[in-house]
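Accompanying notes for the structure given below.
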Number of protein chains: 6
Amino acid sequence: MVQIKDLLQDGQVLRADGRGVDELRPVTIERNWTDAPEGSVLIQCGDTRVLCTATFTEGVPRWRRDSGLGWVTAEYAMLPRATAQRTDRESTRGKVGGRTHEISRLIGRVLRGVVDMKALGENQIQIDCDVLQADGGTRTTSITGAYVALVDAVEWAKKKHLIGENKKVIKDQVSAVSVGVIDGTPMLDLPYIEDSRAQTDMNVAMTGSGDFIEIQGTAEGAPYSRETLNTLLDLAAKGNKELQAAQKAALEQ
Amino acid sequence: MVQIKDLLQDGQVLRADGRGVDELRPVTIERNWTDAPEGSVLIQCGDTRVLCTATFTEGVPRWRRDSGLGWVTAEYAMLPRATAQRTDRESTRGKVGGRTHEISRLIGRVLRGVVDMKALGENQIQIDCDVLQADGGTRTTSITGAYVALVDAVEWAKKKHLIGENKKVIKDQVSAVSVGVIDGTPMLDLPYIEDSRAQTDMNVAMTGSGDFIEIQGTAEGAPYSRETLNTLLDLAAKGNKELQAAQKAALEQ
Amino acid sequence: MVQIKDLLQDGQVLRADGRGVDELRPVTIERNWTDAPEGSVLIQCGDTRVLCTATFTEGVPRWRRDSGLGWVTAEYAMLPRATAQRTDRESTRGKVGGRTHEISRLIGRVLRGVVDMKALGENQIQIDCDVLQADGGTRTTSITGAYVALVDAVEWAKKKHLIGENKKVIKDQVSAVSVGVIDGTPMLDLPYIEDSRAQTDMNVAMTGSGDFIEIQGTAEGAPYSRETLNTLLDLAAKGNKELQAAQKAALEQ
Amino acid sequence: MVQIKDLLQDGQVLRADGRGVDELRPVTIERNWTDAPEGSVLIQCGDTRVLCTATFTEGVPRWRRDSGLGWVTAEYAMLPRATAQRTDRESTRGKVGGRTHEISRLIGRVLRGVVDMKALGENQIQIDCDVLQADGGTRTTSITGAYVALVDAVEWAKKKHLIGENKKVIKDQVSAVSVGVIDGTPMLDLPYIEDSRAQTDMNVAMTGSGDFIEIQGTAEGAPYSRETLNTLLDLAAKGNKELQAAQKAALEQ
Amino acid sequence: MVQIKDLLQDGQVLRADGRGVDELRPVTIERNWTDAPEGSVLIQCGDTRVLCTATFTEGVPRWRRDSGLGWVTAEYAMLPRATAQRTDRESTRGKVGGRTHEISRLIGRVLRGVVDMKALGENQIQIDCDVLQADGGTRTTSITGAYVALVDAVEWAKKKHLIGENKKVIKDQVSAVSVGVIDGTPMLDLPYIEDSRAQTDMNVAMTGSGDFIEIQGTAEGAPYSRETLNTLLDLAAKGNKELQAAQKAALEQ
Amino acid sequence: MVQIKDLLQDGQVLRADGRGVDELRPVTIERNWTDAPEGSVLIQCGDTRVLCTATFTEGVPRWRRDSGLGWVTAEYAMLPRATAQRTDRESTRGKVGGRTHEISRLIGRVLRGVVDMKALGENQIQIDCDVLQADGGTRTTSITGAYVALVDAVEWAKKKHLIGENKKVIKDQVSAVSVGVIDGTPMLDLPYIEDSRAQTDMNVAMTGSGDFIEIQGTAEGAPYSRETLNTLLDLAAKGNKELQAAQKAALEQ
């Protein structure tokens, strides 16, 4: 493990892993990692590793019936030893924590933002993002991987004639990345070692057309100016463009 | 109740309540609304009415002990008939829902962003925001009211000599407001009737110095461009400036 | 806050607030305190302040269907800082406590005691009593306020033609008051400072005709004789008569 | 099983089991029914059968420490097939219901009403009342049986020198009985068949000296006058005197 | 209570209660112990005392409907003072523990193993085993008693013409017994004093024909050889034969 | 997916995957699959894939303190889409199901059976087995994989000098395998397609010395004779020997 002191040498900011401030960690996206789900993707961004599955079910929850519209929902969780310290299971504690709830809702919202519910018809897609190893950016990595699983599940449904062949269910591509301010310097794609000391931490989900679906920026450490915000959004735009290229490459295999 | 169709007349956007797109709803902030809490504020923004209390306790949670630092946390809840349809109590359902968790965490983070934990010392302030009537913007109204309750609780503690008289515990003022895009037009401070049909919904918490503490923008309805984002942030800056004036006026009484 | 020692001067019992032993605290009943509920009443008895709402819903729970009968139920809760010490939320603790259960059941029973379920028809009225500030007598204050909200909800339903105009749904008026024995002296309407040191504590709900709907008398401190019981019931009868006058005045506005 | 129609013959009220209106059902109290508990009593009142155990533990709950005072608490439960229809277990449902909470609290309060906490010292007695068969009056039967188990547990503690031999821990005897109004007639000790159709249902706990410890009278069916109340209390006084004789007889064996 | 040291005298193994290593404790089986259930059996094996009830209900759970098949399920629980130390209620703790789950599932599986679900038809039998006093072997005693309650419930249903008179619902008899290795010696039917120090503990459920329905053998203390396993199974076969004789005798009364 | 009818051709039993009745599915054991845990093993038996991690912590749970003994415990869980149909998360349902509890307890017991708690000292090892893909035998695969993770965690602790270099913490090797009877034929290592139609299903955990640690055999479908039991145990012995060879090979890399 690299120590925080390694980050700063001779007054110049050097990232522990040698990346430039606007560089992503290496990304790999592996489809069909397990057999059962309609979409099953193992995504790795640096050392963060998430299994994203998409479950296609005919029919929608009761409150959505007879609307002609589909539904997409998501659940996020971490294995107990995805982290350096073991985290108690939420099943054992008997309730889902606030952080888990917040992230599950985020993933669901973002994916719904690119799905045409009318084209999906009265079908439901349930996304599950289980973090096998956590090193920062687990929620953005989940979104990026879940998009690929979602596409696979929709393709599966078309092959099974559960959705019409020519329906455009997915309106646009979507990915997400984290940006943050560390020692005053805006940076792209923070691993845990950086994330935990960031003054500002922002997660940005963007479409293939470069529009925003979700911006979540928190500055518990130090409020940030409009100017810094603009730099962060530039970094996020660059990162998302590269992640979307990786998604496309995976989907073309 | 005004119908949605009233919003649009002769092709021009007219808000149901006659406001301009960049106008806040009327705000009233009443301090000491109940007797027991160290800070107790009833805030109304339009028809949204929230009771914000601040509880000052000596000592901090176990994980924070012997750090010399204080802690600020928040819980948000709605009374069952704050809304048009009765909502089941979370106590009866046996668990706190995802939305409640998400908002509680948001309020806590934003307030911590303006508190100097070292100046607070090993003391805890618990914020409770209970929505008595809900008409959009309950989370931002909660933040704006909670700030005033927080200031009162800190003053109370100084009078009781639990915090040194000259400690600058509150580093800056903070307020929050919602903005959104309706039928393509960015607007400030959405009531429920607008909020429920917004394509984009963004909550922005800003300091007295005009910096950002939290931006949460969701576009489940329609992704938004960088340009629209800029307009939304301009509106939010205007709204927050006015809310901060109302906070100051209340605190000077 | 008045101290307990103030209660006793020169050997004679003097109530901290100067009341006679058979006097009620000041009562105010404000209708339509919030807009959404079919009945919404803010009641204050001394410093105890409760928001009582009544929600009218067409239809009844499953076990009651096709009986031709309506249903009335109630839920009671306290805001965390209604009390001098903050109480943890029951939603956060994940379960409703015994005291809350007991009071909710009491309120429901008492109100059902004056409702003609056949005249109500297959409709449900849900009462919510949320204590905003607690200074003794929260359960009796809840009952007294809830009765007014109940009447308003029934009137609302008649105006909406959900209940026949000439149905006598409410069979009789109902209110409740606490009585207790302090230092051997029976007294009416105990604030917290008295309640917490009462040897006997009794809650009495009575109809407008002067009959009993519920008597709950506990003597954990010191068992009481039949004679003392009679004095307590006399005090309760006097108190309830006055509360019912206040209810009538509020309903006539 | 006797049908309700059997209760009424030729216009005259006849109780299904042939009892007079002021007669108790047969009572048996068996001590040491199981071996492990410090007090273990199987009590039967008619067909209602309750196992009451008393667990003596040195020390008191945290909030009571260093007070020099003891504590008595109670828990009530029903086996799933104590009733004609199987009731789901509260353990399986994951929470204790309102009725169970209410009764557990009642039993605890009543027993504490006859215990001198100073004489008990910093020791705790936990009462468990498990209904093996239910035919009305389970809460009053529980109290009557629990008193005997409590006495046995105190005696056990004296023999073990955990309480001083000559401490008068139990200040007075206590028992409880139900009374009610059926078809306008007040009656003593209602079995389920009567209880379920009573207009008024009252549980009365009394000491050996004839004072009241708890009165709980509900008139969901029909409010009752002060006169009827007096008759009910007379019946309860007679019933409790007889139950206390049965307790004494059991304790003298 | 016998102390562990009494078990070993002069180097020879002597069981605390004087039994031979292949002897059962005394067994009594009392039918119709309570009135409400369709089958109600109080079984005692030594000091272990379990109330086993069988509830017959027409219809099956949703997932089993229209299959033409019945269902048998079981729940096991202990009263708080069945044990030497009081155990907290699982209802109060808000969840059923792992041990309880495990035993409930075991009892259900074993009984289903002797029931012809087709002959039972779309009816459900729910077994409840509540341990009133625990001295080892509570799960095996539960199975042995539950079998008798099951037979009674089936007979009841035949008399009520809910099952055809000549349907052979119960395919075979079943009972269960524990065996274990103590200080190297295999023994039959362990009371708590032995069970808690057994190196190996095995529960064996067998049919009247001498076949196995369930073997559960754990050797947390010391793994056992194939040879020891054979001896244990011989002991279990002897014990089950005797328990089945006791079941038959009870059912013939 | 192979259909059940493929299993039977020309009257002879043919396993869907072409294996002989006494053959294991292919096994792979990959160590250090994730970085954080002290032991981290991805094991695959056929299509069943389980991530087994071992967390080493200094200190033991409160009830074990000052005993000089260590503790080993285990938790088992399945990802929602490990199975053909999505299973709801236990965290979301708010409680751990009976099957999960049963398996977690089994894994813990078996591993404790080969650990010398005195040699481990007051340290705790927590095993987590998360099923990523389920195709029968998930509990036995978990045990086999967890053993390897356990060894790695002990080695890690020795390197960190938390356990003495020459302590023999692991007393023996352990693995587990399933056996069952299908259409009357005993078979080794059942995948889901076989398991779900087995008349008898038995899980057998054995040490490197060939002794038994746990036998769990259920015959809900059809009770089995002593002779069949012997055949099943022979198959299990063969399977476990081969699994232990695979464990050794993995540990030697």
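Values reported hereafter were calculated over all heavy atoms of this structure, with side chains retained and with hydrogens, waters and symmetry mates removed. In what follows, chains are A, B, ... by sequence order, proteins preceding strands, each numbered from 1.
Ion pair C:R89/B:D130 flagged as a salt bridge, since at least one NZ, NE, NH1 or NH2 atom sits closer than 4.0 Å to an Asp/Glu carboxylate oxygen.
Using a 4.5 Å heavy-atom cut-off against chain C, the contacting residues of residues 66-80 of chain B are B:E75, B:A77, B:L79, B:P80.
Within the 4.5 Å cutoff, the side chain of B:R86 has heavy atoms near those of the C:D128 side chain. Residues C:R81 and B:L51 fail the side-chain proximity criterion, which asks for heavy atoms closer than 4.5 Å.
Contacts of B:T100 with chain C are absent, with no heavy-atom separation under 4.5 Å from either backbone or side chain. Contact of B:R49 with chain C is made through the side chain alone, with heavy-atom distances under 4.5 Å. Contacts between B:T53 and chain C at a heavy-atom distance below 4.5 Å involve the side chain alone, from C-beta outward. Contacts between C:Q85 and chain B at a heavy-atom distance below 4.5 Å are absent for every atom of the residue.
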What pairs of donor and acceptor atoms, side-chain ones from residues 141-154 of chain B against any protein atom, are under 3.5 angstrom apart with sequence neighbours left out?
from: B:T141; atom 1: OG1; to: B:G137; atom 2: O; distance (Å): 2.7
from: B:S142; atom 1: OG; to: B:T138; atom 2: O; distance (Å): 2.7
from: B:T144; atom 1: OG1; to: B:T140; atom 2: O; distance (Å): 3.1
from: B:T144; atom 1: OG1; to: B:A176; atom 2: N; distance (Å): 3.2
from: B:T144; atom 1: OG1; to: B:A176; atom 2: O; distance (Å): 3.2
from: B:D152; atom 1: OD1; to: B:R31; atom 2: NE; distance (Å): 3.3
from: B:D152; atom 1: OD1; to: B:R31; atom 2: NH2; distance (Å): 2.9
from: B:D152; atom 1: OD2; to: B:R31; atom 2: NE; distance (Å): 2.9

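Heavy-atom pairs under 4.5 Å with chain B peak, among C:D35, C:T92, C:T57, C:L132, at C:D35. The candidate with the highest count of non-hydrogen atom pairs below 4.5 Å against chain C, out of B:E38, B:H101, B:E90, is B:E38. By number of non-hydrogen pairs under 4.5 angstrom with chain B, the leading residue of C:S40, C:A82, C:S91 is C:S91. The candidate from B:T34, B:D47, B:T55 with the greatest count of non-hydrogen atom pairs under 4.5 Å with chain C is B:T55.
In B:K167, the NZ atom is not crowded: 12 or fewer heavy atoms of neighbouring residues, nucleotides or ligands sit closer than 6.0 Å.
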